[in-house]
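Note sheet for the following structure.
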Amino acid sequence: MTTFQVEQTYSNYINGEWVKATTGETEPSINPANRKQVVGYVPTSGVEDLNQAVAAAKAAAKDWRRLTGAERGNYLFQAANVLERRADEVAEAMTREMGKTLPEAKGETMRGVAILRYYAGEGMRKTGDVIPSTDSEALMFTTRVPLGVVGVIAPWNFPVAIPIWKTAPALIYGNTVVLKPAQETAVTAAKIMECFEEAGIPAGVLNLVCGRGSVIGNALAEHPDVGGITFTGSNEVGKRVGAAALARGAKYQLEMGGKNPIIIAADADLDLAVEATISGGLKSTGQKCTATSKVIIERKVYDVFKEKLLSQIQEIRLGDGMASGSWMGPCANEGQLNTVLSYIQKGQDEGAVLLAGGKRPDDPGLAEGFYVQPTVFEGVESHMSIAREEIFGPVLALMPVDSLEEAIEVANDTDYGLSASIYTQNVGAMLSFIRDMDAGLVRINAETAGVELQAPFGGMKMSSSHSREQGQAAIEFFTAIKTVFVKS
Ligand SMILES: NC(=O)c1ccc[n+]([C@@H]2O[C@H](COP(=O)([O-])OP(=O)(O)OC[C@H]3O[C@@H](n4cnc5c(N)ncnc54)[C@H](O)[C@@H]3O)[C@@H](O)[C@H]2O)c1
Ligand SMILES: O=CCCC(=O)C(=O)O
């Protein structure tokens with residue numbers, strides 16, 4: 001078993017080599033559980049590094065696309081095996097870099113393994129259809145071709161799963177890749193790259209360039225040799241990335257924020273609903289695009305639900321994700337902590353009532369980390385910032401309603417449409433929710449978070465560029481359809 005070493009210096013991975021940034025600069029990736037701990041030093045690259053990576057990916061593209069799907073799949077199977085063997089090390093890097101608890105990080109790493117295996121298998125599946133021609137002498141069919149070089153821009157909140165759920169389908173369908181991870185989790189990204197290197201991925205097929213989003217991410221989106229850009233992150237940045245890709249006719253895919261509601265109907269099993277609200281809203285410190293944010297409760301059960309929720313929230317143990325007793329780690333970085341604290345302040349300023357949490361923990365042992373208490377508001381109205389904007393932190397807004405119709409109206413009253421859930425035992429209510437809820441992922445008697453790798457994932461409204469990732473849906477972004485007409 002390889003163990004994780006702190007304070008190492010990492011490089012970019014370009015054309016099969018680990019290379020220092022041409023800027024000569026690195027910056028510390030710090031542990032959000034204790035700002036004084038350096039997890040590793042990561043490159044602060046310049047545009048020249050990005051250009052080298054794109055050139056390497058472009059040069060490797062011809063041979064890579066000519067391999068059979070099964071041959072490309074073998075590399076992914078190998079990478080999955082290496083990642084599985086190194087799962088403890090990779091998970092530790094993730095926990096130290098972005099704060100989620102070690103069991104969550106291990107779960108995510110094993111999800112990365114499963115995603116690689118799933119897409120390895122995709123190399124053997126069909127890529128087109130035969131379509132009857134009006135010419136009886138001809139054969140007409142569709143096939144799919146890769147986009148060429150694909151740029152992957154990833155956030156820090158799922159530093160293994162998201163880069164892999166973009167990279168694996170890009171590779172299996174014959175593209176080469178330049179990955180720009182979030183700088184906060186560049187050590188974890190380097191660990192993923194080491195797994196691909198150990199798996200023997202050919203030089204140039206997969207490249208890693210670390211650096212500021214405004215420099216490397218922007219240059220990737222604008223690069224004329226990058227045929228497709230797949231982005232996950234905030235709406236603000238996503239809009240810029242989409243505009244840059246559109247301006248030069250490149251394909252793009254944007255997966256962005258959420259403001260995800262859970263509806264608790266009067267007939268719900270309240271214990272299960274409380275469990276789902278806590279797990280969906282507060283695991284990973286609320287830093288999931290699918291995290292529960294608005295908790296919409298039928299008035300008849302409002303008080304009982306609230307009391308049960310508050311009593312369980314008291315039990316939550318904050319702490320370093322590496323410590324076995326910790327249930328909730330810190331926010332991933334100081335900026336995120338300040339954003340969460342500012343929303344908590346806004347909630348109070350706009351008239352919501354703070355029921356729990358609302359500040360940094362008093363424990364002096366946590367003072368050097370970016371911790372915030374799990375927070376619950378009531379008296380939240382749809383016009384308030386905490387009911388409309390993505391907080392990306394452990395903050396729940398309780399909103400009572402008088403009927404299921406009103407619940408769905410309140411749930412839909414947002415610019416986002418990523419994930420939504422309902423707790424009810426009534427089949428009619430379930431069907432209304434499935435029909436009327438404007439979200440890409442609707443979940444019944446399950447928390448809002450939780451994405452299965454074999455199913456399409458993506459949002460409606462401002463959550464997405466209306467494409468879907470994962471499962472077989474990924475082929476739609478990572479390939480172009482060619483219609484072939486053959487006549488002898
Ligand atoms: N819908 C989804 O599937 C999904 C999944 C995870 C996270 N998210 C969203 O991600 C956000 C949190 O992640 P974040 O803080 O890392 O997001 P972010 O938008 O700040 O950063 C995302 C990535 O974009 C890069 N970037 C920053 N500025 C850039 C620019 N000008 N040009 C190109 N790239 C640039 C960053 O370096 C990072 O790699 C939340 O809004 C969350 O909802 C969405
Ligand atoms: O942060 C976005 C991804 C969410 C996810 O993977 C999950 O909820 O499992």
Side-chain angles (χ1 to χ4, degrees), residues 42 44-45 47 50 98 100 104 107-108 111-112 115 151-166 178-186 189 208-223 226 229-245 252-260 279-281 283-293 331-333 335-336 339 389-393 416-419 421 439-441 443 446-453 455-470:
V42 297
T44 318
S45 311
V47 173
L50 190 264
M98 62 74 64
K100 72 174 66 171
E104 285 180 88
E108 185 187 332
R111 183 167 156 190
I115 296 168
V152 171
I153 303 179
W156 43 259
N157 69 332
F158 280 88
V160 167
I162 292 179
I164 290 182
W165 86 44
K166 292 174 180 296
V178 176
L179 165 64
K180 185 247 157 305
Q183 196 68 340
E184 290 89 342
T185 50
L208 171 76
V209 184
C210 305
R212 305 261 153 77
S214 55
V215 179
I216 304 303
N218 186 52
L220 194 54
E222 290 184 344
H223 202 294
V226 174
I229 284 279
T230 170
F231 168 88
T232 296
S234 62
N235 283 65
E236 193 194 336
V237 176
K239 278 184 206 160
R240 266 191 243 151
V241 168
Y252 65 91
Q253 173 184 55
L254 313 172
E255 293 305 334
M256 301 173 285
K259 189 73 193 170
N260 310 297
S279 176
K283 275 220 169 118
S284 282
T285 320
Q287 301 167 122
K288 295 185 188 181
C289 56
T290 46
T292 307
S293 183
C331 296
N333 55 54
Q336 199 56 43
T339 301
E389 295 167 25
E390 184 184 48
I391 301 173
F392 224 52
Y416 295 103
L418 191 56
S419 176
S421 95
L441 182 63
R443 291 166 56 88
E447 64 179 74
T448 57
V451 168
E452 299 217 25
L453 62 99
F457 175 56
M460 294 181 179
K461 302 196 271 186
M462 266 176 44
S463 288
S464 157
S465 57
H466 309 286
S467 44
R468 292 289 180 268
E469 299 193 278
Q470 304 206 65

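Whatever order the structure lists them in is the order used to number ligands and atoms, beginning at 1. As the structure is a prediction and not an experimental result, all values here were calculated from the model. For this chain, numbers begin at 1 and follow the sequence in order.
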Tell me the contacting part of [X] for ligand 1: side chain, backbone, both, or neither, using a 4.0 Å heavy-atom threshold, strictly below.
X    : value
L418 : side chain
I162 : side chain
N235 : neither

Would you call A154 a ligand 1 contact, heavy-atom distance under 4.0 Å?
yes

Please verify whether a non-hydrogen atom of F158 lies at under 4.0 Å from ligand 1.
no

Any side-chain to backbone donor/acceptor pair from [X] onto [Y]? Under 3.5 Å, distance only.
X    : Y    : value
Q336 : N333 : no
N260 : S293 : no
E255 : T232 : no
S421 : E447 : no
Q470 : W165 : no
R468 : G459 : yes
K180 : G151 : no
S463 : G417 : yes
R212 : Q183 : no

For atom 21 (O) of ligand 1, is the nearest protein heavy atom closer than 4.0 Å?
no

So, for [X] and [Y], which heavy atoms are closest and what is the spacing to 0.1 Å?
X    : Y    : result
E104 : S284 : OE1-OG, 2.9 Å
Q287 : N157 : O-ND2, 3.1 Å
E469 : Q253 : CG-NE2, 3.5 Å
T285 : C331 : CG2-N, 4.0 Å

What residue and heavy atom of the protein are closest to [atom], and at what distance?
atom                    : answer
atom 12 (C) of ligand 1 : F392 CE2, 3.5 Å
atom 3 (O) of ligand 1  : F457 CE2, 3.3 Å
atom 40 (C) of ligand 1 : E390 OE1, 3.4 Å
atom 14 (P) of ligand 1 : W156 NE1, 3.5 Å
atom 25 (C) of ligand 1 : I153 CG2, 3.7 Å

Are V215 and V47 packed together at the side-chain level, in the sense that at least one heavy-atom pair is separated by less than 4.5 angstrom?
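V215 reaches V47 side chain to side chain.
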
Can you list the atoms of ligand 1 that are under 4.0 Å from a heavy atom of [X]?
X    : result
N218 : 32 (N), 33 (C)
P181 : 39 (O)
V241 : 33 (C)

If we ignore angles and hydrogens, is there a donor and acceptor under 3.5 Å between the side chains of T448 and T292?
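Side-chain D/A pair, T448 to T292: present.
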
Looking only at distances, please establish whether an N/O atom of ligand 1 is found under 3.5 Å from an N/O atom of [X].
X    : result
Q183 : no
M256 : yes
N157 : no

Nearest heavy atom to [atom]: which of [options] does it belong to?
atom                    : options                : value
atom 13 (O) of ligand 1 : G459, A221, P155       : P155
atom 11 (C) of ligand 1 : G440, G257, G233, C289 : G233
atom 19 (O) of ligand 1 : S234, A182, S419, S464 : S234
atom 31 (N) of ligand 1 : K180, R240, R212       : R240
atom 29 (C) of ligand 1 : T232, V237, L179       : V237
atom 30 (C) of ligand 1 : A161, G213, G217, A291 : G213

Could you pull out every protein residue that has a heavy atom closer than 4.0 Å to ligand 2, ordered by chain and then number?
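Answer by chain and number: R111, N157, F158, W165, K288, C289, T290, A449, G450, V451.
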
Measure the CG-CD distance between N235 and E389 for me, rounded to the nearest 0.5 Å.
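N235 CG to E389 CD: 11.0 Å, rounded to 0.5 Å.
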
Ring of F158, cation from K100 - is the NZ or CZ under 6.0 Å from the centre and inside 45° of the axis?
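The answer is yes, since K100 meets both limits relative to F158.
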
